[in-house]
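Note that ligands are numbered from 1 as they come in the structure, with each ligand's atoms numbered from 1 the same way.
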Amino acid sequence: MHFSERMSRLGTETAFNVLARAKALEAKGHDVVHLEIGEPDFDTPANIIEAAANALRNGWTHYTPAAGIPILRETIATHIADTRGIKVAPEQVVVTPGGKPIMFYAVLALVEPGDEVVMPNPTFPIYESMVNYIGAKPVFVKLAEEEGFGFDLDMFADSLSDKTRMVVLNSPSNPTGGVLSKAQIETVAGLLRDRPDVWILSDEIYSRILYDTDHVSIASEPDMQDRTIILDGYSKTYAMTGWRLGYGVMQPELAQRMTQLQINAVSCVNAATQVAGVEALTGPQDAVNDMVTAFRARRDAVVAGLNDIPGIRCVMPRGAFYVFPNVTALPIDQDELARRLLDEVGVAVLSGTAFGAYGKGYLRLSYANSLENIDKALGRIGDFVKAL
Ligand code: PLP
């Protein structure tokens, strides 16, 4: 079969492949603990479900304006203005099916073949995939374990060139749980200030899942908002992965172009889901706070449990719901380890290399699972490693 040449450059998200393999094993009767996929195990809060059900009953069953219903764009603009301390108008908001399409739209709208896009590594694999797909070049900045997986700022400064068209930031980070400090964000902004042609894609999808630290957005830094695209959404914060609801916030002219891309791709987000999105941001936030409290307890358990296993070392992440343990002291590499943990002891995790070359020597575990299942997984991993 003939596929377009660009399809050969398109990457994927390994988590979905491992999930499929884990499900196939379960279908054959195996017991699998899922630490591979990045989604909260909680149910969507009841008030949000109720809002969507009512919306369906009340006729929200039609197409909506492509960039989102006005009340949702207003609600999101207010939320981003309040949480980032910036001015945002509803025209700057594009509502998308999940936050992910903002990556695709941003790269399609702004990056030319041959341009360079600077991004962290290890990182969420879709940035690299999109950039390769359109024939541009990803340039990687290492997230070093020794620095709590923050940006290596010297490497970042060296990575900028005349061809740099976009910089991707992701704090809190998938896969490391690392968080960029205010000082680091200021340094990045300082390095970009005299490069007005460089766009910033700031993926802030985990901005509400933070432990002992506040969220800092580069859009809040002087001169940065006009060229920053904030990506955020509902999947992680409100346990709404399956609903597909996210958004980008950007300058109005770019928002119009992204809307045009959306019209070409999906027309608009499901109408009732958009109504639920208003309720999520304006209704009670207790469920979000409870989830973060639960994630913190799980984080503490998983980090302590991994550090108790000889040959594994794990730093304490400050955000998101992932840990990125170092497994270089073990006699097998991260790929074989991930594969055998699933096949032989029923623990689904990802190899660090699913997130780029600097993920070599690491695993990624999502601790968005119950403490009971985390304990079970740690026991199995410990026994497996001891028998190597
Ligand atoms: N950005 C990062 C860093 C993520 O980890 C994910 C999901 O795993 C997304 C964006 C996409 O989220 P959504 O489900 O809203 O498309």
Exercise. At under 4.0 Å between heavy atoms, which part of Met103 makes contact with ligand 1: side chain, backbone, both or neither?
Worked result: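 Contact part for Met103 vs ligand 1: side chain (C-beta onward).
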
Exercise. When you look for heavy atoms under 4.0 Å from ligand 1, do you find them on the side chain of Tyr206, its backbone, both, or neither?
Worked result: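 Within the 4.0 Å criterion, Tyr206 contacts ligand 1 through side-chain atoms alone.
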
Exercise. What orientation do Tyr211 and Tyr367 show, parallel under 30°, tilted 30 to 60°, or perpendicular over 60°?
Worked result: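 Tilted, since the angle between the ring planes falls between 30° and 60°.
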
Exercise. In terms of ring plane angle, is the pair Phe355 and Phe324 parallel, tilted or perpendicular, where the classes change at 30° and 60°?
Worked result: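 Rings of Phe355 and Phe324: perpendicular, over 60°.
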
At less than 4.0 angstrom from any non-hydrogen atom of [X], what atoms of ligand 1 do you find?
| X | value |
| --- | --- |
| Lys100 | 16 (O) |
| Ser235 | 13 (P), 14 (O), 15 (O) |
| Asn174 | 3 (C), 4 (C), 5 (O) |
| Gly98 | 15 (O), 16 (O) |
| Arg244 | 13 (P), 14 (O), 16 (O) |

Exercise. Of Tyr206, Phe295, Phe124, which is the lone residue that meets ring pair (Phe, Tyr, Trp, His ring centres under 6.0 Å) with Tyr322?
Worked result: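 For Tyr322, the ring pair (Phe, Tyr, Trp, His ring centres under 6.0 Å) test succeeds with only one of Tyr206, Phe295, Phe124, which is Tyr206.
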
For this session: Could you check which of Ile126, Ile37, Ile205 puts a non-hydrogen atom nearest to atom 12 (O) of ligand 1?
Result: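 Selected option, by shortest heavy-atom distance: Ile205.
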
Exercise. Can you tell which of Thr241, Asp203, Leu245, Asp232 gets a heavy atom nearest to atom 1 (N) of ligand 1?
Worked result: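 Heavy atom nearest to atom 1 (N) of ligand 1 belongs to Asp203.
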
Problem set entry | Nearest-contact summary for atom 6 (C) of ligand 1 - protein heavy atom, Å |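 Here the closest protein heavy atom is Phe124 CZ, 3.6 Å.
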
Exercise. With a 3.5 Å cut-off and no angle check, do the side chains of Arg208 and Gln285 form a donor-acceptor pair?
Worked result: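 Yes, because at least one side-chain N or O of Arg208 sits under 3.5 Å from a partner of the opposite role on Gln285.
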
Problem set entry | Residue pair Asn326 / Thr328, side-chain donor-acceptor N/O under 3.5 Å |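 Yes - a donor-acceptor pair under 3.5 Å links their side chains.
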
Exercise. Would the number of heavy atoms belonging to other residues, nucleotides or ligands and lying under 6.0 Å from CZ of Arg380 be above 12?
Worked result: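 Yes, because the 6.0 Å sphere around CZ of Arg380 holds more than 12 heavy atoms from other groups.
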
Problem set entry | Within 6.0 angstrom of Arg6 CZ, more than 12 heavy atoms from elsewhere |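 At most 12 heavy atoms, drawn from other residues, nucleotides or ligands, come within 6.0 Å of this atom.
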
Please state whether [X] comes within less than 4.0 angstrom of ligand 1, counting heavy atoms only.
| X | answer |
| --- | --- |
| Tyr127 | yes |
| Gly99 | yes |
| Lys236 | yes |
| Gly233 | no |

For this session: Identify the two heavy atoms, one from Pro172 and one from Ile209, that lie closest to each other, and give their separation to 0.1 Å.
Result: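 Here Pro172 and Ile209 meet closest at CG-O, 4.0 Å.
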
For this session: Walk me through it: do Glu186 and Lys182 pass the test salt bridge (Lys or Arg N to Asp or Glu O under 4.0 Å)?
Result: CA-CA 6 Å; Glu186 280 170 3; Lys182 170 104 175 111; 3.4 Å; yes

